[in-house]
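For reference, the structure discussed in these notes is given below.
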Amino acid sequence: MLRNAPRHLRSWTASGIKYIRGREPIVLIALLLVVAVSWGFIELADEVTEGSTADFDRWVVQSMRQADDPTQPIGPRWMREVGRDITGLGGVSVLSMLIAAAAGFLAIHHAYRTMVVLLVSTIGGIIVSSLLKQFFARPRPDVVPHLAEVYTSSFPSGHSMMSAVVYLTLAALLAPVLKHFWVRVYVLGLAVLATVLVGISRVYLGVHYPTDVLAGWGAGLVWAVVCWLIARRFASR
């Protein structure tokens, strides 16, 4: 079939095959993940824009509140404070302090390239998150009272996206220096757990729809993986 294809198409196909053959399995998995999650984000954004997820979003948000009093979240009374504590892990203040602390640690150890990767990926993620929010400009949930202060639009969830960017990036940068496989799995698992809990807390507090959180997770994961691939490329050179 390729014999009858145009010369430039055959050249691109051959280059693509050569590139794939030269990649490590982990890189191929990462590339596949970026493509799949990016496609999922586009499809989800399209459904949200058309209003197809409205009923589902409202149902999930309302199910997080007591049926007889929508001002009260489900669970014991102390769960409200737990939700606020967890959601703070994805806030700008906490993440900024974490990024600054990690950058200072890397600077002390003269790991300047890794420090630059960390700063560029996280600061770039904040910018991308803000641009996405301005582009979609989705109103915040209005079906229940908010249990946390909010100042920006809803889609995608900034807390969810930035949690994925920062925690997954830190785990990816830390994993190569860890000697034991299960320690690397443990660190990555903690990063994923923190990201998931932050996203759930945003819905629990009534400040985000579940599709906002899903989109934030997806966008943050894609950004973190792309930054990791770029850093890996420079490191190999």
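Sequential numbering from 1 along the given sequence is applied to the chain's residues.
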Query - Interatomic spacing from OG1 in T152 to CD in Q134 - rounded to 0.5 Å - result: 9.5 Å

Query raised in the report: Got P141 and D57 here, is their nearest side-chain heavy-atom distance under 4.5 Å?
Result: no

Requested in this report: Check the pair I74 / Y204 against side-chain contact (heavy atoms from CB on, under 4.5 Å), numbers first and verdict last.
Outcome: CA-CA 9 Å; I74 58 175; Y204 185 77; 4.0 Å; yes

Query raised in the report: Is a donor on one side and an acceptor on the other found under 3.5 Å between the side chain of H159 and the backbone of G216?
Result: no

Requested in this report: Give the cluster check for L118 versus I108: same hydrophobic cluster or not, with ILVMFWY residues linked at side-chain heavy-atom distances below 4.5 Å.
Outcome: no

Requested in this report: Identify the heavy atoms of L229 and A30 that sit nearest to each other, and give their distance.
Outcome: CD2-CB, 3.9 Å

Query raised in the report: With the 4.5 Å side-chain cut-off for hydrophobic clustering, are V92 and I99 part of the same group?
Result: no

Requested in this report: Verify side-chain contact (heavy atoms from CB on, under 4.5 Å) between Y167 and L95, making sure each step is shown before the conclusion.
Outcome: CA-CA 9 Å; Y167 292 123; L95 292 179; 3.9 Å; yes

Enumerate donor-acceptor pairs with a distance under 3.5 Å from any side-chain N or O in residues 32-39 to protein atoms, sequence neighbours excluded.
{"from": "S38", "atom 1": "OG", "to": "V34", "atom 2": "O", "distance (Å)": "2.6"}

**Report entry** Any side-chain heavy-atom pair of R58 and V61 under 4.5 Å
**Finding:** no

Query - Distance in Å, L131 CG paired with I126 CD1, rounded so as to fall on 0.5 Å steps - result: 12.0 Å

Query raised in the report: Can you check whether R113 reaches V117 side chain to side chain, under 4.5 Å on heavy atoms?
Result: no

**Report entry** With F135 via ring pair (Phe, Tyr, Trp, His ring centres under 6.0 Å) - residues at least two apart
**Finding:** none

Query - 4.5 Å side-chain heavy-atom contact, P73 and R80 - result: yes

Query raised in the report: What distance separates M115 CE from H109 NE2, expressed to the nearest 0.5 Å?
Result: 13.5 Å

Query raised in the report: Do other residues, nucleotides or ligands put more than 12 heavy atoms under 6.0 Å from the CG atom of D55?
Result: no

Query raised in the report: Which atom names give the shortest non-hydrogen contact between L168 and A224, and what distance separates them?
Result: CB-CB, 4.2 Å

Report summary line: Closest non-hydrogen atoms of T211 and L44, given as atom of the first, atom of the second and distance, are O-CD2, 3.6 Å

Query raised in the report: Would you call D212 and K133 a salt bridge, taking side-chain N to carboxylate O under 4.0 Å as the test?
Result: no

Query raised in the report: Under a 4.5 Å cut-off applied to non-hydrogen side-chain atoms, are V222 and F41 in contact?
Result: no

Report summary line: Here the pair of heavy atoms bringing L205 nearest to A148 is CD1-CB, 4.0 Å

Let me check something: any side-chain donor-acceptor pairs from residues 184-203 under 3.5 Å, sequence neighbours excluded? List them with distances.
{"from": "R184", "atom 1": "NH1", "to": "L178", "atom 2": "O", "distance (Å)": "2.8"}
{"from": "R184", "atom 1": "NH1", "to": "K179", "atom 2": "O", "distance (Å)": "3.4"}
{"from": "T195", "atom 1": "OG1", "to": "S163", "atom 2": "O", "distance (Å)": "3.4"}
{"from": "T195", "atom 1": "OG1", "to": "A191", "atom 2": "O", "distance (Å)": "2.9"}
{"from": "S201", "atom 1": "OG", "to": "T87", "atom 2": "OG1", "distance (Å)": "3.2"}
{"from": "S201", "atom 1": "OG", "to": "V198", "atom 2": "O", "distance (Å)": "2.6"}
{"from": "R202", "atom 1": "NH1", "to": "T87", "atom 2": "OG1", "distance (Å)": "2.9"}

**Report entry** Identified side chain to side chain donor-acceptor pair (under 3.5 Å) partner of S154 from the options R140, H208, R138
**Finding:** H208

Query raised in the report: Is there a path from V120 to V128 through hydrophobic residues (I, L, V, M, F, W, Y) whose side chains come within less than 4.5 Å of each other?
Result: no

Query raised in the report: How about P210 and F56: do any of their side-chain heavy atoms sit closer than 4.5 Å?
Result: yes

Requested in this report: Determine whether V166 and V94 fall in the same hydrophobic cluster, where Ile, Leu, Val, Met, Phe, Trp and Tyr are linked whenever their side-chain heavy atoms lie under 4.5 Å apart.
Outcome: no

Query raised in the report: When hydrophobic residues are tied together by side-chain contacts of less than 4.5 Å, even through go-betweens, does F105 share a cluster with Y112?
Result: yes

Query raised in the report: Got more than 12 heavy atoms from elsewhere within 6.0 Å of CD, E50?
Result: yes

Query raised in the report: Mind checking whether V144 and M64 have side chains closer than 4.5 Å, heavy atoms only?
Result: no

Report task. Measure the spacing between CG of L119 and OG of S121 and express it to the nearest 0.5 Å. Result -> 7.5 Å

Query raised in the report: Passes side-chain contact (heavy atoms from CB on, under 4.5 Å), V143 versus R65? Steps please.
Result: CA-CA 10 Å; V143 293; R65 298 300 173 93; over 6 Å; no

Query raised in the report: If you measure from CG on L173 to CG on L106, what distance do you get to the nearest 0.5 Å?
Result: 7.5 Å

**Report entry** Euclidean distance, H146 NE2 relative to T71 OG1, rounded to 0.5 Å
**Finding:** 13.5 Å

Query raised in the report: Taking all atoms of both residues into account, what is the closest heavy-atom pair of L132 and A219, and its distance?
Result: CD1-CB, 4.3 Å

Query raised in the report: Would you say the side chain of W223 lies within less than 4.5 Å of the side chain of T169, judging by non-hydrogen atoms?
Result: no

